[in-house]
Enquirer: 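Shown below is the structure under consideration.
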Amino acid sequence: QTMRDSSIAVTLPDLNISLSRLFPFKRKKAAGEERWYEKISLSYTGRLTNSIRTKDDRLFKAGLSEWENAMNHNIPISATFTLFKYLQVNPSVNYTERWYTRKVKKDWDDEQGKEVNDTTYGFHRVYDYSASLGINTKVYGMYKPLFMKKKEIQIRHVITPSISFSAAPDFTSSRFGYYDSYIKDQNGIRDTVQYSYYAGQVFSPPSGGKQGLISFNISNNLEMKFKDKNDSIRKVSLIDDLSMGISYNTAAQVRPWSDLSFNLRLKLSKSYTLSMSSTFATYAYEF
C-alpha cells in the first residue's frame, strides 16, 4: 500500500503447482529388459495468479473486470533411447496451455484517430506446443605422442558430434484464433497492425512465426595420461572443450544459416580456467 496516493496492490492467491518427473508407462513389476516406452517421462508445472492495483476504497468494491488473473500449465514430455548401441537419441515434446478470463479485440477509429478496444469476459483457452529431436554420440581416440620417448604417456581425444531438430507451427495463423489485425489509417498512411487478443496479460500468448531449426555442433576434449615418479597415473587436461556450432532455419525465407560460434575452455590449474568464445557472421562476407 502506498499512503501518498492511497493506492494498493494485492496478489491473492498466487499458487504454484509442480509435479516431479514420472514414468507413466513403467511397469511396477519389471521382468526382462526395459521396454522403449518405459523410458518416456513427463512432468508438470502450473501457476495460478490473481492480482489487482487500485485505490484502497475500491478494493472490496472492484468487480472481476478490474482483477488480473490467469493460469499457466506446462507439460514437458521426453525420453532417452540408445540406437545402434552408439547413438543417443533424445526426443521431446513441450506443451503449454494458458487460461485467460478476458479477450481484447482491437480496431481503428477513423473519427477519433486512435485505437479502440472491445473487451469480452469469459473462459479462454490458449495453447502452444513444440517438438525436438536430438542425436549425439562419442568417438574416442588414443594417441602416443611421437615426440615423447616415455611410452607411459597417452593422449585421449573425445569427439562429440550432435545434431538436433526442433519445430513449431505459426501460432499467429488464423486457424488458431489467437491473433487478428486491423487497418490503421493515419495521416493518409495505411498500415496493417497485427495483435494478439491476449497481449499484456499475466502470461504472454504464444509467439508468432513458424519454427524449423536444424542445429549442428561438434565438441572436442583432449586429455593426457602419464605415470609420475611414484608410478601413479595422473591425468592432465590439455583442452577441456573446443566446440563449434551452427544452425539452419528451414522456415526462414532469407539467410537461413545462423552465425558460426566457437568456444574454447582450458583448465590452466585446479583453481584457474580460461574460457574464450567467438562468433563469425555467416552473411558478413561477399565473394
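Computed from heavy atoms alone, side chains included, the values below leave out hydrogens, waters and symmetry copies.
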Enquirer: Applying the 4.5 Å side-chain criterion to the ILVMFWY set and letting contacts propagate, would I159 and Y86 be lumped into a single cluster?
Expert: no

Enquirer: If you count every heavy atom of other residues, nucleotides or ligands that lies below 6.0 Å from K26 atom NZ, does the total exceed 12?
Expert: yes

Enquirer: Should we count NZ of K225 as having more than 12 external heavy atoms under 6.0 Å?
Expert: no

Enquirer: So, applying side chain to side chain contact (heavy atoms under 4.5 Å, CB included) with T119, which one of K105, K103, R102 is it?
Expert: R102

Enquirer: Between A251 and K210, what is the shortest heavy-atom contact and its length?
Expert: CB-O, 3.3 Å

Enquirer: Pick out which of N50, T49, T11 makes a side-chain hydrogen bond (donor to acceptor under 3.5 Å, both in side chains) with N69.
Expert: N50

Enquirer: Taking a hydrophobic cluster as the set of Ile, Leu, Val, Met, Phe, Trp and Tyr residues connected by side-chain heavy atoms closer than 4.5 Å, whether directly or through intermediates, do V104 and V202 fall within one such cluster?
Expert: no

Enquirer: Given D110 and D185, is the side chain to side chain contact (heavy atoms under 4.5 Å, CB included) satisfied, shown in steps?
Expert: CA-CA 7 Å; D110 292 326; D185 191 347; 4.1 Å; yes

Enquirer: Out of curiosity, S132 OG to N94 CG, how far, rounded to the nearest 0.5 Å?
Expert: 8.5 Å

Enquirer: Tell me the closest heavy-atom pair linking D180 and Y197, and the distance in Å.
Expert: OD2-OH, 3.0 Å

Enquirer: Within a strict 4.5 Å, meaning less than it, do heavy atoms of the T54 and I8 side chains meet?
Expert: yes

Enquirer: For D259 versus A281, what's the shortest heavy-atom pair and its separation?
Expert: OD1-CA, 3.4 Å

Enquirer: So, does W36 use its side chain to make a donor-acceptor pair with the main chain of F81 at under 3.5 Å?
Expert: no

Enquirer: Is there a side-chain contact between W257 and I246 in this structure, where contact means two heavy atoms from C-beta onward sitting under 4.5 Å apart?
Expert: yes

Enquirer: Quick one: do D128 and R98 make a salt bridge, cutoff under 4.0 Å?
Expert: yes

Enquirer: When rounded to the nearest 0.5 angstrom, what distance separates OH in Y140 from CG in N221?
Expert: 9.5 Å

Enquirer: Examine M244 and L238 and state if one hydrophobic cluster contains both, with Ile, Leu, Val, Met, Phe, Trp and Tyr joined whenever side-chain heavy atoms are less than 4.5 Å apart.
Expert: no

Enquirer: Within a strict 4.5 Å, meaning less than it, do heavy atoms of the L274 and Y272 side chains meet?
Expert: no

Enquirer: Within the supplied structure, the quantity of interest is the number of heavy atoms (other residues, nucleotides, ligands) at a distance under 6.0 Å from K267 NZ; does it exceed 12?
Expert: no

Enquirer: Counting only heavy atoms not in K39, do more than 12 fall under 6.0 Å of its NZ?
Expert: yes

Enquirer: Distance from L19 atom CG to Y44 atom OH, nearest 0.5 Å?
Expert: 9.0 Å

Enquirer: Is it the case that atom OH in Y283 sees more than 12 heavy atoms from other parts of the structure closer than 6.0 Å?
Expert: yes

Enquirer: How about CZ on R53, more than 12 heavy atoms from neighbouring residues, nucleotides or ligands closer than 6.0 Å, or not?
Expert: no

Enquirer: To the nearest 0.5 angstrom, please state how far the OG atom of S278 sits from the CG atom of N263.
Expert: 7.5 Å

Enquirer: How about L266 and I239: do any of their side-chain heavy atoms sit closer than 4.5 Å?
Expert: yes

Enquirer: Quick one: are E115 and Y182 in side-chain contact, heavy atoms under 4.5 Å?
Expert: yes

Enquirer: Does S258 reach the main-chain N or O of S247 with its side chain, forming a donor-acceptor pair under 3.5 Å?
Expert: yes

Enquirer: Ignoring hydrogens, what is the shortest heavy-atom contact between F226 and I153? Give both atom names and the distance.
Expert: CB-CG1, 3.7 Å

Enquirer: Under the side-chain hydrogen bond (donor to acceptor under 3.5 Å, both in side chains) rule, collect the residues that match up with N249, sequence neighbours excluded.
Expert: none

Enquirer: Should Y178 and Y127 count as side-chain neighbours, where that means a heavy-atom distance under 4.5 Å?
Expert: yes

Enquirer: Taking all heavy atoms of G245 and all of N217, pick out the closest pair and write down the distance.
Expert: CA-OD1, 3.7 Å

Enquirer: List the atom of T172, the atom of Y179, and the distance in Å for their closest heavy-atom pair.
Expert: CA-CD1, 3.6 Å

Enquirer: Hey, does Q88 have a side-chain heavy atom less than 4.5 Å from the side chain of K138?
Expert: no

Enquirer: Look at the side-chain heavy atoms of Ile, Leu, Val, Met, Phe, Trp and Tyr, link any pair under 4.5 Å apart, and say whether V158 and Y143 land in one connected group.
Expert: no

Enquirer: Membership question, hydrophobic clusters at under 4.5 Å side-chain separation (ILVMFWY): are M224 and L264 in the same one?
Expert: yes

Enquirer: Donor-acceptor check, side chain of E38 to backbone of R27, threshold 3.5 angstrom: yes or no?
Expert: yes

Enquirer: Nearest 0.5 Å, please: how far is CH2 in W99 from CZ in F123?
Expert: 5.0 Å

Enquirer: Can you check whether A168's main-chain N or O pairs, donor with acceptor, with S130's side chain at less than 3.5 Å?
Expert: no

Enquirer: When you compare the side chain of D240 with that of T273, does any pair of heavy atoms fall below 4.5 Å?
Expert: no

Enquirer: Classify the angle between the aromatic ring planes of Y198 and Y100 as parallel (below 30°), tilted (30 to 60°) or perpendicular (above 60°).
Expert: parallel

Enquirer: Apply side chain to side chain contact (heavy atoms under 4.5 Å, CB included) to residues R35 and F25 and explain how you reach the verdict.
Expert: CA-CA 9 Å; R35 310 288 173 83; F25 305 110; over 6 Å; no

Enquirer: For Y129 together with F171, are the ring centres under 6.0 Å from each other?
Expert: yes

Enquirer: Quick one: CG on L242 to CE on M276, what's the gap to the nearest 0.5 Å?
Expert: 11.0 Å

Enquirer: Is it the case that atom CD in Q194 sees more than 12 heavy atoms from other parts of the structure closer than 6.0 Å?
Expert: yes

Enquirer: Verify whether one side chain among S41 and R21 offers a donor that lies under 3.5 Å from an acceptor in the other.
Expert: yes

